[in-house]
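Working notes, structure below.
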Amino acid sequence: MQWLFREDRAAQSLLNKLIRSNLVDTTNQVEVLQRDPTSPLYSVKSFEELRLKPQLLQGVYAMGFNRPSKIQENALPMMLAEPPQNLIAQSQSGTGKTAAFVLAMLSRVEPGNKYPQCLCLSPTYELALQTGKVIEQMGNFYPELKLAYAVRGNKLERGQKISEQIVIGTPGTVLDWCSKLKFIDPKKIKVFVLDEADVMIATQGHQDQSIRIQRMLPRDCQMLLFSATFEDSVWKFAQKVVPDPNIIKLKREEETLDTIKQYYVLCNNRDEKFRALCNIYGAITIAQAMIFCHTRKTAGWLAAELSREGHQVALLSGEMMVEQRAAVIERFREGKEKVLVTTNVCARGIDVEQVSVVINFDLPVDKDGNPDNETYLHRIGRTGRFGKRGLAINMVDSKHSMNILNRIQEHFNKKINKLDTDDLDEIEKINN
DNA sequence: AAAAAAT
């Protein structure tokens, strides 16, 4: 009798798990496709359930994480399964993707082995630094663990082999370190992470370098691809280059965050945009703001013009020296500047909590002049992080750019309302 | 067009 009772409880608990998983599968929020469709879907509601090494759990809690976020609930069990499985995962901006893959790397690293075992690629210098900080914080309780930054300007002695167990870097430098310079033995990498994976494997993105690096890795290396966006053609390519992946995919209507209010301001030319921007400047500097321009030149011009008007702004673009870039982003993080004028270099991943307004001074378009929906989503995702409210303002300066904005609205099936510059209540509401 | 290399 007792035995039957216990067995029933076990059966009930398994059933609960399945019901919970089915909920995940059918609420039409995400689509979860498993490499082995017959194995039960499993999601976790606490970090304890993952049976992490104590020093890793300590790191997770020290960072202030209490419970797994939605993407972490689903992705962590898949990433930590034995034997290791590959994963392609999509989740909205600011929902905890970085912590998810950092935890996966730390769970597999063996700090006693003094060579690189985990490799993570970022599309930009600033994002590599930011993700590196997360790795350092979460790995803080592994006494022997060290992290190497494979980024521009980090020069090592010739013939050296690096002893750091985890490497974070940008594609060009990582490729050099793996091939020509031989600082890293790629055959010993166990976990390979592509952050902002869609741009890392896209033809117009960093495809060449990322794929060349991937080909040097061992066949059984675990591959983890994360992004908030995967354009249809990129999804197909991702599934071609990643063997037997688990997949977590967002439905189109779930891609946008409702916590970010989107508006546009109608102007006739660039000078009008500049004047409109000056009009709302007081409102956007209640907290912090990021202003995106299409070219480095426009960003430089806009930063100079705003300075001339007496506004203190920071400028960040890829033409600057890396030392200067690091200093600018650090000052912005500290709130020493309230406004950052930048290019697409900052469109993805950059996480500055105080940013409550994103301004598209120029709408995001690709090299053919078509709307760049993915970049749009990433840019506005610099605000509204981890459930906070945010505001995105698009500056339209012609019929042509209005058409671009309309196509972006259609793509996401999301209305972007007109904002009158003399009506700034909306901006102030966001900031209280 | 921007980003990405010790070229």
Side-chain angles (χ1 to χ4, degrees), chain A residues 119-132 148-162 167-184 186 194-214 216 227 229 231 234 270 290-303 315-326 328-329 340-350 360-379 382 397 400-401 404 408:
Chain A
L119 174 60
C120 177
L121 290 190
S122 297
T124 64
Y125 173 77
E126 287 77 14
L127 189 55
L129 296 191
Q130 176 181 292
T131 306
Y149 289 85
V151 294
R152 221 146 81 182
N154 191 0
K155 305 206 167 146
L156 305 179
E157 235 173 88
R158 287 212 174 265
Q160 194 181 334
K161 280 260 186 268
I162 63 171
V167 178
I168 172 89
T170 41
T173 308
V174 169
L175 187 56
D176 267 4
W177 285 25
C178 286
S179 54
K180 198 173 63 185
L181 302 172
K182 299 210 170 6
F183 294 150
I184 299 172
L194 284 177
D195 192 11
E196 307 296 344
D198 58 332
V199 80
M200 301 305 282
I201 61 168
T203 333
Q204 337 74 295
H206 303 285
Q207 186 181 65
D208 286 8
Q209 290 167 327
S210 300
I211 298 300
R212 280 179 66 192
I213 293 165
Q214 188 220 355
M216 302 166 80
S227 184
T229 54
E231 194 211 353
V234 177
R270 192 173 78 167
M290 290 173 77
I291 304 178
F292 288 97
C293 301
H294 188 52
T295 64
R296 301 164 167 190
K297 199 177 151 202
T298 309
W301 168 84
L302 182 58
L315 171 67
L316 181 51
S317 82
E319 67 189 339
M320 294 157 59
M321 307 283 285
V322 282
E323 299 79 13
Q324 201 184 353
R325 288 169 61 169
V328 168
I329 194 80
L340 181 66
V341 180
T342 187
T343 61
N344 277 343
V345 68
C346 286
R348 287 167 172 262
I350 297 303
N360 286 322
F361 191 79
D362 299 314
L363 297 179
V365 292
D366 63 20
K367 62 172 170 43
D368 304 318
N370 290 315
D372 186 343
N373 299 307
E374 287 69 38
T375 300
Y376 180 83
L377 206 57
H378 284 278
R379 281 185 181 180
R382 296 317 92 220
D397 62 7
H400 175 69
S401 64
I404 304 264
I408 292 173

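Hydrogens, waters and symmetry mates play no part in the numbers below; they use all other heavy atoms, side chains included. Residue numbering restarts at 1 for every chain, and letters A, B, ... go by the order of the sequence lines. It should be emphasised that the depicted structure is a prediction, and the values quoted were computed from it without experimental measurement.
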query = Which is true for F183(A) with a 4.0 Å heavy-atom rule: it touches a base, it touches only sugar-phosphate, or it touches nothing?
reply = base
message = Tell me the interatomic distance from R348(A), atom CZ, to dA2(B), atom C1', rounded to whole angstroms.
response = 12 Å
ask   = To the nearest 0.5 Å, how far apart are CG in L181(A) and NZ in K161(A)?
value = 10.5 Å
query = Pick one: which of D372(A), N373(A), T229(A) meets side-chain hydrogen bond (donor to acceptor under 3.5 Å, both in side chains) with H378(A)?
reply = T229(A)
request  = Would you mind reading off the distance between L316(A) atom CG and dA2(B) atom P, rounded to a whole angstrom?
outcome  = 14 Å
remark   = To the nearest angstrom, the CD1-P distance between I213(A) and dA4(B) comes to 14 Å
request  = Scan L175(A) against the nucleic acid and name what it touches under 4.0 Å (heavy atoms): base, sugar-phosphate only, or nothing.
outcome  = nothing
ask   = Starting at NZ of K367(A) and ending at C1' of dA1(B), how long is that distance when rounded to a whole Å?
value = 10 Å
task = For the side chain of Q204(A), starting at C-beta, report the closest nucleotide among dA6(B), dA2(B), dA3(B).
result = dA2(B)
task = Tell me whether the OP1 or OP2 atom of dA3(B) has a side-chain N or O from T343(A) closer than 4.0 Å.
result = yes
task = Check salt bridge (Lys or Arg N to Asp or Glu O under 4.0 Å) between E374(A) and all other residues, then give those that pass, not counting sequence neighbours.
result = none
message = If you compare every side-chain N and O of R296(A) against the phosphate oxygens of dA1(B) (OP1, OP2), does one of them come in below 4.0 Å?
response = no
ask   = Out of dA6(B), dA3(B), dA1(B), which nucleotide sits closest to the side chain of H294(A)?
value = dA1(B)
task = Return the value, rounded to whole Å, for the distance between atom CG of D198(A) and atom C1' of dA2(B).
result = 15 Å
request  = Rounded off to whole Å, could you give me the CE-to-C1' distance for the M321(A) and dA4(B) pair?
outcome  = 16 Å
inquiry  = Taking the minimum atom-to-atom distance to the side chain of T295(A), which one of dA6(B), dA4(B), dA1(B) wins?
reply    = dA1(B)
message = Over 60° means perpendicular and under 30° means parallel, so tell me whether W301(A) and F361(A) are parallel, tilted or perpendicular.
response = tilted
key: Pair listing, side-chain hydrogen bond (donor to acceptor under 3.5 Å, both in side chains) test, anchored in residues 151-160 of chain A, at least two apart   = none
query = Checking all strands, does G153(A) fall into the base, sugar-phosphate, or nothing category for heavy-atom contacts under 4.0 angstrom?
reply = sugar-phosphate
request  = Mind checking R325(A) for me? I need base, sugar-phosphate or nothing, with any heavy atom below 4.0 Å counting as a touch.
outcome  = sugar-phosphate
inquiry  = Distance check needed: dA3(B) C1' versus E374(A) CD, whole Å only.
reply    = 17 Å
Whole-Å distance separating the CD1 atom of I404(A) from the C1' atom of dA1(B) = 13 Å
